[in-house]
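Please read these numbers as outputs of a predicted model, since none were measured by experiment. These values consider heavy atoms only, across backbone and side chains, with no hydrogens, waters or symmetry-generated copies.
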Amino acid sequence: MKRCVLCLMSVVLFLAVNGCRQNTDHKQNLRVLYVGIDPGKRLPPMNFAHGAGIAESRYEEDMRGRMPAFEKLLKSHFVKVGTVDARDYREEMTGDYDVIIFDAVPEAVVPGKKSTKTNSLNLDLLSESVRKKLENVVDTKELFSARYFSDQYRKPTLFVGDKAGILGAALGLKLNWFCRCLDAHGYDLCVDHPIFKEPLPVELKYERRIAPSSAVSGVEGVMVSGVMDMWRVQTEGYREGGRNRYRQGLVAFGDGFEENGDGERIAGGVSDKKRDAVSIGRHGNFFMWGFAADPGYMTEAAQRVFVNAICYISHYGGQVPVTRKYENGYVTRNKLRQQLALFDRDAFNRYVSSREAYNEKLMELKQEVENLNAAGKEVPGDLMSQAWPQRQEVRGYEEYLNYYLKKEGERVGCPGVEAYRRYLEENMDYFYGGTGDFSFTVDEDLKQLGIAVGDVRLLDKAIGLLGGAREERERGERLLNRYSVEHFSTAEEWSAWLNGARGRLIFTESCGYKFVDKERGMRLPGQKVESRGGVQQENPVVVTASRKGNEIRVQFAIKEGFHIYSGAGEEGAYVLTSVQFEYPEGVRADGKLETPEGKAYDADPKVRIYEGTVVFIQPIKIETDVDKMVCTVTYQACDETICMPPVTEKIEIINIK
């Protein structure tokens with residue numbers, strides 16, 4: 001069982017002295033406000049912001065049951081509990097409470113930036129059914145770039161499920177949107193953490209299960225256990241539900257999460273992402289409970305841990321995050337260290353043992369499924385969700401190195417894996433991953449100076465270079481711009497800042513390879529956080545639509561390395577690609593939409609994906625001249641590293657003569 005890297009002795013002592021105290025009713029002396037959806041009010045439409053991927057047939061029951069279930073649990077453990085519909089929530093309400101829980105998206109304090117693709121159609125001119133459909137479309141860029149908290153917000157806050165990724169985006173939280181694909185089980189628990197111990201005692205019961213394929217894939221998963229102990233958090237997960245699936249939870253990007261003690265990775269969980277993804281964690285005064293279940297679908301132990309988590313985050317009022325991730329795409333040098341470690345023979349032996357244990361357990365599960373089928377008995381959904389993968393190939397040493405490292409070496413011009421090993425060893429101190437596209441470069445400026453990335457001497461040297469000749473001055477400016485969040489005009493100003501901040505500086509790789517003054521945090525001088533957008537990343541998909549004659553063509557141009565998901569099937573946590581047309585009077589479809597077949601997804605053969613350029617074709621009949629038509633497309637882009645939030649765009653169809 002994994003132990004936390006973060007030492008918790010001081011935290012435990014702090015909680016022992018200042019922890020949640022019980023009153024005479026054995027309730028914790030905390031005031032808690034729950035922000036959700038009031039079941040007595042009109043439900044919001046089912047869309048990306050509401051429902052977290054639950055089956056449409058279960059949406060109303062789920063949404064109407066969540067607030068009562070949370071209210072019941074909270075009132076049994078805390079002295080004061082308030083509930084408010086997210087649409088009625090205002091930040092000034094938090095003054096009477098110690099901890100705020102968000103289980104729904106409130107109104108934005110500062111509106112987000114709209115997608116440039118969203119056109120300005122006059123909805124009043126459309127039919128009622130078409131207008132209602134378009135009104136329910138969520139502009140995900142606007143959703144994620146909006147601000148839901150003021151600059152003055154300091155309250156201890158807990159997010160349920162995907163609300164961490166949505167509400168925390170514009171704050172630059174490490175509790176970010178990595179993938180809404182968290183299932184029912186947690187693993188790699190930091191069992192010494194207070195949330196598993198107090199104030200409520202917790203008995204953690206484990207199930208021996210195979211690791212998700214994603215957890216043992218890629219360089220990050222080569223040496224991890226293929227079979228591990230897992231803790232069931234929810235009584236039902238989305239993977240076992242098929243077309244009638246339950247909600248999907250959220251995992252955050254785990255690389256560098258605990259860097260500088262700025263965040264706590266408390267647990268991982270079964271998802272479609274790498275082993276280090278975060279299902280339960282803290283960043284500053286914000287706590288992420290990534291699992292999506294309301295208390296009615298939580299195990300008893302999970303309910304207790306949830307209550308303990310509320311008590312734990314209550315002690316972080318005012319302790320806002322220091323480092324912030326305002327852009328996706330940063331990777332730490334730990335990934336390259338993991339690649340270098342693969343050359344070790346002991347690492348290879350652990351890889352072999354892990355894969356063999358995985359395959360043995362998988363075959364047991366598959367046999368169990370076969371036995372139930374042969375006996376005419378129903379196969380439990382949870383068993384099916386474990387037994388569907390294929391065996392993991394166990395490679396020999398040379399093949400194993402080539403499989404995991406050859407392409408990595410070729411990207412940087414190394415002719416073979418041994419040459420790549422030397423490249424890693426020679427440049428490990430100088431790799432720079434702050435380009436925001438999950439890639440690394442060698443910082444030749446630092447390499448020539450012989451100063452390692454993260455060494456504060458680079459700031460001293462860079463400031464000294466400002467007084468030199470043009471080439472030296474330009475190098476100094478590059479280094480200061482690359483590794484600092486500050487901006488000054490002269491060497492004297494830079495020196496004054498560095499001398500004053502030297503004892504407070506920390507270096508963050510996960511948030512952009514920057515030196516940060518712990519007292520100032522990652523805010524530019526004189527710039528409010530409100531003026532920043534949310535976490536942004538270039539959209540790797542460009543969608544265009546055109547009509548020529550009696551045919552509409554919708555083209556998806558997908559950046560190399562990324563894919564979107566075929567509209568066929570409903571398996572997995574992915575948002576499937578859809579194309580819908582809104583026809584004006586005098587136009588109608590002339591047959592079904594012609595969709596590309598796609599290819600099987602390596603990580604989940606039940607799912608099909610699109611890569612490169614794909615075209616959807618819709619035959620139409622036109623009875624009158626048409627000036628303007630529109631289609632609505634929905635898709636989700638992923639690569640080997642991250643699944644970006646789904647995008648829904650309204651695309652104007654261009655007439656081609």
Side-chain touch N176/K325, heavy atoms, less than 4.5 angstrom: yes

Carboxylate-amine/guanidinium contact E408 R411, below 4.0 Å: yes

Gap separating the OG1 atom of T577 from the CD1 atom of I558, nearest 0.5 angstrom: 7.5 Å

Gap between atom NZ of K273 and atom CG of L182 - 0.5 Å precision: 13.0 Å

Pairwise side-chain contact, I100 with V35, heavy-atom cut-off 4.5 Å (strictly under): yes

Inter-residue atom distance K335.NZ - D276.CG, 0.5 Å rounding: 10.5 Å

Which residues share a disulfide (SG to SG under 2.5 Å) with C511, sequence neighbours left out: none

All salt bridge (charged side-chain N to carboxylate O under 4.0 Å, His left out) counterparts of K621, not counting sequence neighbours: none

Pairing residues for I617 by the side-chain contact (heavy atoms from CB on, under 4.5 Å) criterion, not counting sequence neighbours: E551, R553, E594, V615

Close side-chain approach of K514 and T323, heavy atoms under 4.5 Å: no

Those residues that, when tested against Y34, pass side chain to side chain donor-acceptor pair (under 3.5 Å) (two or more places apart): D103

Residue pair S385 / V270, side-chain heavy-atom distance below 4.5 Å: no

Which residues share a side chain to side chain donor-acceptor pair (under 3.5 Å) with D382, sequence neighbours left out: R209, R232

Residues E623 and R588 bridged, charged N to O under 4.0 Å: yes

Minimum heavy-atom distance between Q234 and G237, given as atom pair plus value: NE2-CA, 4.2 Å

Flag side-chain contact, heavy atom, 4.5 Å: D262 against K174: yes

Test ring pair (Phe, Tyr, Trp, His ring centres under 6.0 Å) applied to Y635 - qualifying residues, sequence neighbours left out: F556

Nearest heavy-atom neighbours spanning C631 and V554: SG-CG2, 4.1 Å

Residues I54, R245; criterion side chain to side chain contact (heavy atoms under 4.5 Å, CB included); working and verdict: CA-CA 6 Å; I54 197 170; R245 67 187 180 205; 5.9 Å; no

D38 with R87: basic N within carboxylate O range, under 4.0 Å: no

Backbone of K155 reached by a side-chain donor or acceptor of N285 within 3.5 Å: yes

Minimum side-chain heavy-atom gap Q248-C181 below 4.5 Å: no

Side chains of S546 and K548 in contact at under 4.5 Å (non-hydrogen atoms): no

For the student: nearest non-hydrogen atoms of G112 and S145, plus distance: CA-OG, 3.2 Å

Exercise: identify the closest heavy-atom pair between F149 and L167: CE1-O, 3.7 Å

Ring pair (Phe, Tyr, Trp, His ring centres under 6.0 Å) partners of Y432, counting only residues at least two apart: Y483, Y513

Main-chain N/O of M288 paired with R282 side-chain donor or acceptor, under 3.5 Å: no

Inter-residue atom distance R42.CZ - D85.CG, 0.5 Å rounding: 9.5 Å

Contacts of type ring pair (Phe, Tyr, Trp, His ring centres under 6.0 Å), residue F287, not counting sequence neighbours: none

pair T157-F102: side-chain heavy atoms closer than 4.5 Å: yes

Partners passing ring pair (Phe, Tyr, Trp, His ring centres under 6.0 Å) against H563 (at least two apart in sequence or in another chain): Y565, Y601

Within the 6.0 Å centroid threshold, strictly below: F48 and W177: yes

Centroid-centroid under 6.0 Å between F616 and Y610 rings: yes

Nearest-0.5 Å distance, CG of residue N334 to CD of residue E259: 10.5 Å

Verdict with reasoning, F438 to Y330, per ring-ring contact (aromatic ring centres under 6.0 Å, His included): CA-CA 5 Å; F438 298 101; Y330 299 132; 8.8 Å; no

Residue pairs, two or more places apart or on separate chains, that pass salt bridge (charged side-chain N to carboxylate O under 4.0 Å, His left out) and touch residues 159-169: D162-R180

Between CZ on residue R608 and CG on residue L576, distance to nearest 0.5 Å: 13.0 Å

Sidechain N-carboxylate O distance under 4.0 Å for E509, R333: yes

Partners meeting side chain to side chain donor-acceptor pair (under 3.5 Å) with D183 (sequence neighbours left out): none

Contacts of type side chain to side chain donor-acceptor pair (under 3.5 Å), residue T634, not counting sequence neighbours: T648

